[in-house]
Structure formats: C-alpha cells, structure tokens
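These notes concern the structure reproduced below.
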Amino acid sequence: MPEEPQQASAVKSPTASKKSVGKKVLARIHMLDGTDMELSVDRKCKGYELMEQICESLNLLEKDYFGLTYEDRYDKRNWLELERGIAKFIKDEPWAFDFEVKFYPPDPSQLQEDITRYHLCLQVRNDILTEKLPCSFVTHAVLGSYLVQSEFGDYDPNEHGRNYLRNFQFAPNQTMEMEEKVMELHKGLKGQTPAEAELHYLENAKKLAMYGLDLHPAKDSEGVDIMLGVCASGLLVYRDKLRINRFAWPKILKISYKRHNFYIKIRPGEFEQCESTIGFKLANHRAAKKLWKVCVEHHTFFRLMTPEPVAKSSLFPRFGSKFRYSGRTHYETKKVLIDRPAPQFERSLSGRRLTSRSMDVVTTSRNSAATAADNASKRHTMSHPPEHIPEIDNLNDKPLKDKENKDRKLKDEKLKEKKPVGGVAVLPSGIFGKKKKDKKKDDDEKRDEEKEAGNENAAFDASKDEKTPGSPENKKDKKKGKKDKEEKKEKDNQTSTPEKEKSTEKEKKEKSKSKISGLFSKGSSPSKDADKKGKKSTGSSADDSSTLESPQSLKVSPQGKAVLSDGGPPEGSPQLPGYTREYDYEENPNLSPTRARNAILAHGFTYEKDPCQSPLALNQPNDDAQGVSRKAVGLAFNYAPGEDQKVAETAAEKRKTFDQKLTDPSSLRSEELNQQQGIATPGFDYVESASRKEQGKGGSSGGVAGKPVAIPIPGKLEKSQSEKPEKSTAASVVAALLSKGKKGGKKEEKDKKKDKKKKGKKEESEESSSSSSSEDSMIDQYAQGNETVRSTGDSVVVNTPKIFKTTTKQRVVQNAEGITQNIEEKVEDLTPGGTGVVTVSNVINTADAENAESSPHVTATAVTTRTAMMTEDKEKNEKTSQIEEKTFAHTTTTSATRQEQRVVTQEVRSTSTVLTGDQSIYRRERTSSGSSNDSGTPIDVEEGQTPIVKTESMVYDPDVVNQFVPPHSTTQVPLVQTESRKVALESADGNYSASGEIISSQTISSKTRTVETITYKTEKDGIVETRVEQKITIQSDGDPIDHDKALAEAIQEATAMNPDMTVEKIEIQQQSAHCSVRRHSRSQLLENKQPFLAAFS
Amino acid sequence: MFRYTHALVCRVPVAFRTRAEIDLEEARRQHEALCRLLRELGVDVVELPPDELHPECVFVEDTAVICNGVALITRPGAPHRQGEVDTVRAVLKKELGLPIVEISDEAAKLDGGDVLFTGREFFVGLSEWTNEAGARALAASFPEFSVTPIKVSEPRHLKALVSMAAPDVLCVSKGAASQEVLRRIEREASFSYQTLTVPEDSAANVLSVNGTLIHRSAAEAPETCKHLEGKPELQRRQLSVSELAKVGAGLSSCCLLVRRTRAARTF
C-alpha cells in the first residue's frame, strides 16, 4: 500500500534505523480507524519496538493501554508479547497485526490526552459494531450521537439534511429509526467539541456491563458453558447473559492453569471460611494458558503499582511459563505526566473506513483516495511526527525505564533494610537466581511448608491456624518451589523494623494509595470513588471483599491505622500494617474490621504454583512456621503456570486435598464449601454455592454477621456525636443559632398570617432539656428557644404605635465543668406613653459535658432584639405592624491551640398592613446576613494563653458592608448594618412586592459536617420560586480530614438529594480548619397564577 | 436516578378479596392514598380500571420492568396472572409511548417484583415466580447492565426483602431472609451500596420517588418510623398499605414507575 503515508515514516523512523543490521520485514498493522499502517521492521525486533514505532506514528504517548494482536493457526486473536521477538510468534510475512486497546481504562476521563481517548473511542465503537459490547437501542442512539457530534460538529439542518447518517456506522444492525434518534440527539449536543463528545461517549460506554471485558469461553466443573471475563476489576463469570459470579482481584489469591484447566484460589473472607479453589475447563491447553496470561496482565496492570520482575533463568530447568507482564502498570502510566501541547490529529469516527477492515489493500486505497483531504492532513500528523515528539517520548519514556530500573534496584536495597514501600513485595529475581543455585530441594520444601503455614496464619489469624504442616494443603505446596532460607531470615529481621520506619512506610503508603485511588473504581468515576470513601465512613459497603463493612469502621480513614483501631488485639496489630502495606491494594486497609481480615490483607496473590517460582513468593520470612508466621505474609505474587509436573495436582488430587481438609474439625464449614466449590465436585452451582458459603460464613463469624449492617445515609452519623470534637461543637452551635434566627422569621410570618390581630405578649421562659454536649440536643434546645422567642415578638394592637422591644440573650458556655446555658430575656414596652414595663427573665441551664477534659472552652452568645411596632390608623381602617428582628450570634471557641470566633448577624424586618380586615398588604423585608459576617478574627484571649490563631477572614457575601467588632456588652443590641441577599423581591415601582417565605429550615450536624438547609419560597407574577440554600460546614477537630474531599462529598450528596435543583452558587469559606460552603440551588416551578397576596386575603 | 414522570397503577378489584382476608374499602383507600402521594411528588398517575378477572391486577409492578426508556413485558410466574400483562403492555405502548420488549422464551418466568434495579445494575431474585430463563431474558433486554441472579429462599419477592431507599442505598430489614439476600447482593455487586436497615421485615419494601422515600406508616412499622426519624436528612412520607401488603410485597408492588424523557437519557 504505497500510498499509505505511514510507511514512509516507518522506514525513516529512528528506531528502525538504529537496528538496520538485520533483515527487514514488512509489518502491516490494521489500525482502529480501519486503515492499515505498514512498517518495515527488523526481523529480530521485539514487540515493544514495533509498538513504539506505531505509537510514534500515531503521535500517541499513552501507549500502555494498547497492544497488538495477531492470528495464528490455532487462534484468531492472540496478544503479542511485547518483550519477545516477534518472529517467534509469526511466521508468515508480511506480519499482520491489529492495533487494539488491551487495557480499557475504567475511567477514560483520567486519560491525559484527547488523542488517547480518540483511539479508545475507536476501539469501543469497534467493540459495539462487532457486538462485543452489546447495547440496547437507546444506548446505541446516545453513543451514536456523540460520535456524530465528534465527527460532524454541531447539527446543521442545511448542511446535514436527513440523510447525513447514511454512511455513518455506529451500531450493528443500524436502522432508520435509530438514525433518526441519533439525529434528534445530535441536535441537542450543540457546542460540544470533538474531544468533549468523545469524552461523553466514553463516559457512557464505560458504564456498560461488558466494557473492557475480555471474554473466554469455558465450562464450569459441571460442564455447563460459561464465559469468563477478565477486566480491570477482576474476573467475571457469565452464564448465558447472567453474571453469576464476580471475583474482584483482591478476592483472588492465586490463578493457575494446568492442561486445559484454569484455577482460581479464593481468599477466605466474608463468604468463604477458608481458601477455596475453583476450576474451569477451557477448550484446550492453549486457551487455558491464554486466559491465565490475560489475567496476569490485567492483574498486574490494574492492580499493582509496578510490574513483577520476570524471573531470570536459573540453572535449574524451568517448567512452565515465566510469562509476566512487564510493561508499565496503569499506576505508572498515569503517573507519567505528559507535557506537550495537545497534538493535532485527524478524526475519523464515522466508520466510513470500516468497509476496509478486511485489510483488503485495494479497498483501503480506494478509501484513502476518496478521502484524499484526510490523508493530506494525516500525512502531517502521522508520517512526519513533529520532531520534538520523539524527544518528548524519549524524555518521558527513557527516564521512566531508567527509573523503573532504579526503582527495582532501590527496591532490592530496600528489601534488605525493610519492606518495599507501596509496591508489590516481590523479591528481585536476580537474587533468587543466584541463591537458588545453592539451595537444596528439601530446604525449599521446608520453606514451602513454612510459607504455607505462614500464609495460612496470615489469612486466618494466628489463633485460627488450622493447617498444620502435614496437611494436604501443605503437601501440595511442598512440591512447589524452592526457597531461600537465608533470605527469609533476613526478611524476618526486616519485618520487625522499628515502629518509626513503619510509620514512614505508612505515610508513603497512604500517599501512594491516594494516588492510586480511583484506579479500581470499577468503572466508576473518581467522584464515585470519593463517594465510596464517604460511604465507608458510614458503614457497610459492598465493595469487593469489604462486602459487609461493620459499622465499627465508621471513622476509619483509609489508612492502616484505622484498621488497627478496629479491634484487633493490640499486640498483633502493630505488626500488621508493616507488611500489609506492601500489598498495595488500596481498598484493603479500609476493609477489615477484624484482625483476621487484617491479616488476610497481607496475603498475597499468586499466579500459581510453579515450583521454580514459588521462591518468588518472597517475603516469606518465617523461619519457623509458627511464631514468625505473621511476617511471612509476604505478598506472594506468584505467577506460576501450572505446567509443572511436579506441581501436578490433578483435579482428583485437589479433591483429595479438600477431603482431607474436611477432616480437619476446625474447617467443618469448609467442607461444605469445598464440596460445592471444589473443582471436581459435581453440582457446582454458583448461586447455590454462594448461598451455602454465606451460611458457612454466617455460622462461623456470627459476630460480624449479627451486627446490624445498618448505617447509611449520611446524617445518621449524628448518633456518634457524643464523641464529637469540640470544634464541631462550636460550629454547630453557630449553626443552631443561625437556624434559630431564620426559623424565627418563619414563625413570625406564620403568626402574622394566622392572626392579624396581635395577641398580648407572651413570655415563656425557655425550658431546655438539660442535655449533654450533644449538638443534637443543643439544636433542639435552640429550636425550642426559637419558638418561644418568636412569640414574644407579637405585640398588642393599640391606636398609637405600640412598640415592644424584646431582647433575648442566649449564652452557652461549654467548658471543663460542662455546659451552661443562660437565657436572658428582656421585654421592654417602648410604646410612647406606655407603661415602660421591663420584664426580665433569666433561665440558666447547666449540663455536664461528657468529655470534659478535652472540651475546649466554647462561648456562644446569641442576642436577638425584636422590636414590634403596631400602628392602627382608624381613618383608613388600616393596621400596620412592623417587626424588626435582629439577631446577633457570636461564638468563641478556645482550645489549647487556637481560638476561633464566629459572628453571625441577621436582620429581619417585616411590615404588614391590614386594610379593613379583608385586604392586607403584606410587606416584609428580610435582611439576613446569615453567617455572612463570619469572621475568624482573633480576639483577646481571655485565658492569657497565646494560642495559635489561624485566621482567615473572608467575607463571602459581597454585599456585606462591614465587619464589626463584636461588642461584649449584653444589654446593648449591636446595631449591625448589613446589607445582603434579600429574600424579598420588590418590583421597581414599589407597588408590588413579592415576599420570600421561609418554608422550612433545618440544621443537621454530624461529626464532620453541619448542614443547614433553608427553603424560601418567593413568588412573583405568579411564578413561585423555591430557593433552597444550604450551608455546609465541614469541621474537624484536628483529625486530619480531607476538607476538599469531604466538601465534595457533601456537595455531591446534597446534589444527589435534590437532583431537580440547579446549583446556583457555591461559596467556599475556609476558616482555620473549617470549611464552609453555601450552596444555593434553585428550582423554579410554575404554579397556577395565584398571587401571593391573594392567598391571605 | 429514581426520578419518575409517570406511574401506572391498577385499581383494586372486588376480586381482590378472594386473595386474603381483606377489607376492600380500606384497601381501596390505601391505594388511593398511594396515588395521591405519587401525584404530590410530581408523578403523573395513570390508573387502570380494576380487572375482576385478575384479582392481583393491582400489583402492576410484576408485569413489566421499565428501565432506560424501554419496557420489558414480563411473564409472571403465577400462571393465573399472565393475563395481566396485556393491559399493561397496551398502556405502556400507547399511553406512554415506550418501546416494548417481549420475552420470547416460553419457559421463562419473571415477576417484576423480583427485579431490583439499583441504578447501575440489576439483581434478579430467583424465587417462586422467577427462574433463570426469566433472568436471562432480563439480561438480554438490558444488555448494558449486568444482571446478577440472587437466590431467594423464602417464598417472597426479592423486592420484599431488599429495595432501593435512595440512589445507591439499599433498604433491608433486620430479618434473616433480608440479611441473607443482602449478603448475596453485596458479594456479587459491581458497585458498592449503602444500607438502610429497618427493624421490621415488612418495612424493607420502600419506594424512592423523586427524592422522597416512601415507607410504611407508623401504625404498621413503628420501629422503622422511629428509626427513620433519626435521619432528618431523608425526605420521607409514610403510607399505610396494610391491606394491600397482605398479598403483595407492599409499597413498590402497586405501581410501575416510568421516567419518560423527551430525549433518551444517558444512563
């Protein structure tokens, strides 16, 4: 295909020229867009060299997701092993390959470049067209519309007409109806750039059940046809179209194959009492090996931070495959930042070229001729990659490789000192190779035994170690591999690294964890991931192995430390994080509420049982099976192919193993399981066995099972509030006060509406239930307070203006002695010529603080002044009442380290005019600065301490005019001039005013979060607008929490709760450790023209 | 998720009395209350006249599975109920304009009450009324979602044991059956869900409609109500469905919720 531009580039390409010695071979690569690329490559070249050339031609830097497939006489589609010479696999010339996506990123939005996404789009489109990725009508249409948008841009009726989709292939069995739907949807995508459209395409595609699933036909032990699907998150088992089982990577301990069987060993956990092995039959040995390889690769790519080094050949003859994935892992590839301007590239999503998929040269060339323009531009992008690109490539690539090597070296070194951080604990093969030579087999066997025991220990918790070295399980393992005793000893020592080292490790681990998080979000977006974390804090999560999260793990941050707190015996626990860490499954640490679980984490994942390889299960330090066993945990990532005869466990043998296990009294449960699950056991029914396993689990770990799984819904957290940290106390006090003020407004309104005639003033001393420091009850108190306060605002109707002024001062002090609440209410009759009566009531409540020692000193003061004026104009038969309410709330929190102050002011003014009883003009103005005057200004420290005052004062309501220094005087009502959002809307001419009615206001607080929700309703021209304002305060008591994340979660939650609403404004204010957000959502609904006024006339 | 524009309900026929000791008037009142509440929540309620030939016609949930703008007409597991789908099919097609998918497999049994859609994936209870062929049909109809069969050992519908209380929140009861099913779900789920555990078995069936959680009233599930009161962030409403629940699963079984959008939604 001489006219293909790629060829030229290929010949010239630097990589090719470097190795110009050997004989050249023509490689024809069928690209994702349907074109063919021809490259002339060295016959001896390795897969990755070809891959590099291809990606260079494509200008693709994120190449780790891609691979090459070829066809041989056994199999239509094989992945080319990039580390090996191509000539090994392909005999026929020219070499023919398909360039494809090998690892489908679970979250395509995390790809760094649009060009990568474009190629992923092409792949997904091909998967859809070939029905690998089945969709229903609606999904085809949605996805199709994005492709069309990307290819054609905005819909233009003149240009596009009705038939523009005729040649556009977006679905198998495309119908006219479908095209119409796509057209309709296309119209709605106006303005999306191709890159955006592609991103949306992928965001939808990634949610498809079969996205990125590599399916392998197999049979279960009963001979029933199933499909095994390998994907980023694990292994899925399908029967017909039903997904009957899911084995997430963390659940799998070991994968192996032997002859035409493929086995997975399942980690004991919630559902399985002990390790169980499940076997599947594949068509032949090749198929089994292929599946095994795909699993190895996917596991390494998506699950590990760095690839496991390939074992170097040793003097011992090797059996089985030493195949390992050696490319970059997903983690690594995401870590390598690409720093270049977004490359230009020509898109061709339309599938117009798909007709040439057959690699028929003629067709292709015809096609390319037809799209000469395309090619012209393509020549630019493809055949002559800008010169800087290779450099960048090199920069990005070479250093990385170096780095990898370095990393490995480093790791080796580290291994000597301590366990590798954040990586898979894998012993460098080099060491093994050397040491192996010296080793005798018995040694190895022993070691295996020990290892097994150790692993077992790790998995089952030392107390439960049911497997003695003599058990069949171990026998099996004895045969397995060679191990280095010295090595282990060394490691033993290492494992007992001092606490300090561990903690640093921990830190590192955490870091790495946070980096990697989202990786395995199982097709979910990062936000979901965050979500998940949020959920974790509230309890049961169905994630992978964490299926039944016990509520205990509530406060567990995603760190090992948290795990510890969950009730493992203290002596054992401190050790655990040390090695669990190495096994960097990011979800692990969150999971285990029990120590047993914790231990499990440490258990490694193996790609089975080649005797030569088991030494790779490196970190098995235990010398003596028992005592040290925990250290043994070593993350054995043992990819062992099952070919080894020594390993030779036939299914029968396995069964025997199981049977013997059964005799072990402690594993009675497992008996059942094995009978169902064992490879050779007939009657293997997934659903059934699942249930049985559950029974087993239920029986054994009744403790866990018995716990209410309840948790949930954000906000339930309130229950845990008694332990709430001081700081949040302060915050929520403020919130409570705030809500008070607002509620006040509402109530007032109601009162007014209800009885226009003013009642006599009413005074109620507040009765507050004495409560502990629980914010809940505080809020309650305040809520109660509100009401009472409210009613005091009403005044008696008289001819002359009657004026009552009510001043309520609430003061809450929390200190070491407890909580004291002091409510002072003063009512003054200011009516001219009136009595001038001043009534003062004073209520003091005291409650003991629950955790007095740790409580900081909190002072909260709220002063509400309410002036009610009522004028009756008899001539006009009109009554006007005006109520003005000013609330000033001030909170000071003083703890050892800092002082915080919050000030909230609110002003409510309402006027109502009543005409002749029937008609009323209701006018109200409500000015509320809410918490807008929040300020973190430091004030004098009464205690004389010099606390570190972190201040950040930010006025986030632009309207707020002035900040003020809170007066400490109690009698004087601070006159706060605040101008802020007015809920009241007034029309320009002033004739008509729409008022905002507070429908509800609510404050919910939990340990880390206070959510205050105020709902207003305003009406204008018959349009009722509901405005919801939510103020979210994230608080922490010094525990490190990720505010951004917490906030993001909170916002997300809030949005999820009110999907109808649109977020109008998000204001963020950070204050010391506080972070508060106001979220305004607005939804409009049209209601029947029913002017607000009419409602009350 | 769980936003709906329309609901299909079927009024209580006199023959409903034949199914259990039922106070017909009360059942009708309860049914009306449900309709009223749905309307309050912004749902257009399409009421079908009572079908005296099918005493259980009120449980429309079993007759169809509606998701992603497509309606799968089921093959109810109870032979005497299979006739119910005809009316529902006609209404979904003509009134609501939904594309209809049928189950061709004669051996398939599928009750909508056994189909739990979490918003991201399906769980289908293998129960007295639903078999694997039915589950397969469901999977074939909604290929974009994974469909995981869940064995239900009690003679109850899956949704009587587990239902969706809010997006990504599973509502289960403390009862053994419910907990067992929950464990199975969690074990096989692709996504993680939160759990809302209510004390009463009968309260595990809830409805989440347009942001509001509808649960059984204080009279019927006092503990649950108390429990939920501790969650002020939940928008909730309560309904009495004691009479209806004597036969069906409870709240969810009496309505088929539909979300009709002009444009196909991106799921």
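Within every chain, numbering begins at 1; the chains are lettered A, B, ... in the order of the sequence lines, protein sequences first and strands thereafter. Predicted, not measured: the structure shown is a model, and the values here were computed from it. Just the heavy atoms: all of them, side chains too, but no hydrogens, waters or symmetry mates, feed the values below.
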When rounded to the nearest 0.5 angstrom, what distance separates CZ in B:Phe123 from CZ in A:Arg243? 6.5 Å
If I compare all heavy atoms of A:Lys241 with all of B:Ala140, which pair ends up nearest, and what's the gap? CD-CA, 4.0 Å
Using every non-hydrogen atom in the two residues, find where B:Arg187 and A:Lys251 come nearest and quote the distance to one decimal. O-NZ, 3.5 Å
Looking at every heavy atom in both A:Cys135 and B:Pro143, which two are closest together, and how far apart are they? C-CG, 3.4 Å
A:Arg246 versus B:Ser190: any side-chain heavy-atom pair under 4.5 Å? yes
What is the distance from atom CZ of B:Phe191 to atom OG of A:Ser233, rounded to the nearest 0.5 Å? 9.0 Å
Can you measure from CD (B:Glu132) to CZ (A:Arg239) and round to the nearest 0.5 angstrom? 4.0 Å
Compare every heavy atom of A:Leu242 with every heavy atom of B:Ala135, then report the nearest pair and how far apart it is. O-CD2, 3.3 Å
Count the heavy atoms of every other residue, nucleotide or ligand shown that sit under 6.0 Å from CD of B:Glu102, and state whether that count exceeds 12. yes
What distance do A:Lys207 atom NZ and B:Arg120 atom CZ have between them, rounded to the nearest 0.5 Å? 8.5 Å
Please classify the contact of B:Ser153 with chain A as side chain, backbone, both or neither, using a heavy-atom distance under 4.5 Å. neither
Under the ring pair (Phe, Tyr, Trp, His ring centres under 6.0 Å) test, which residues partner A:Phe137, sequence neighbours left out? none
With only heavy atoms counted, which part of B:Val70 is less than 4.5 Å from chain A, the side chain, the backbone, both or neither? side chain
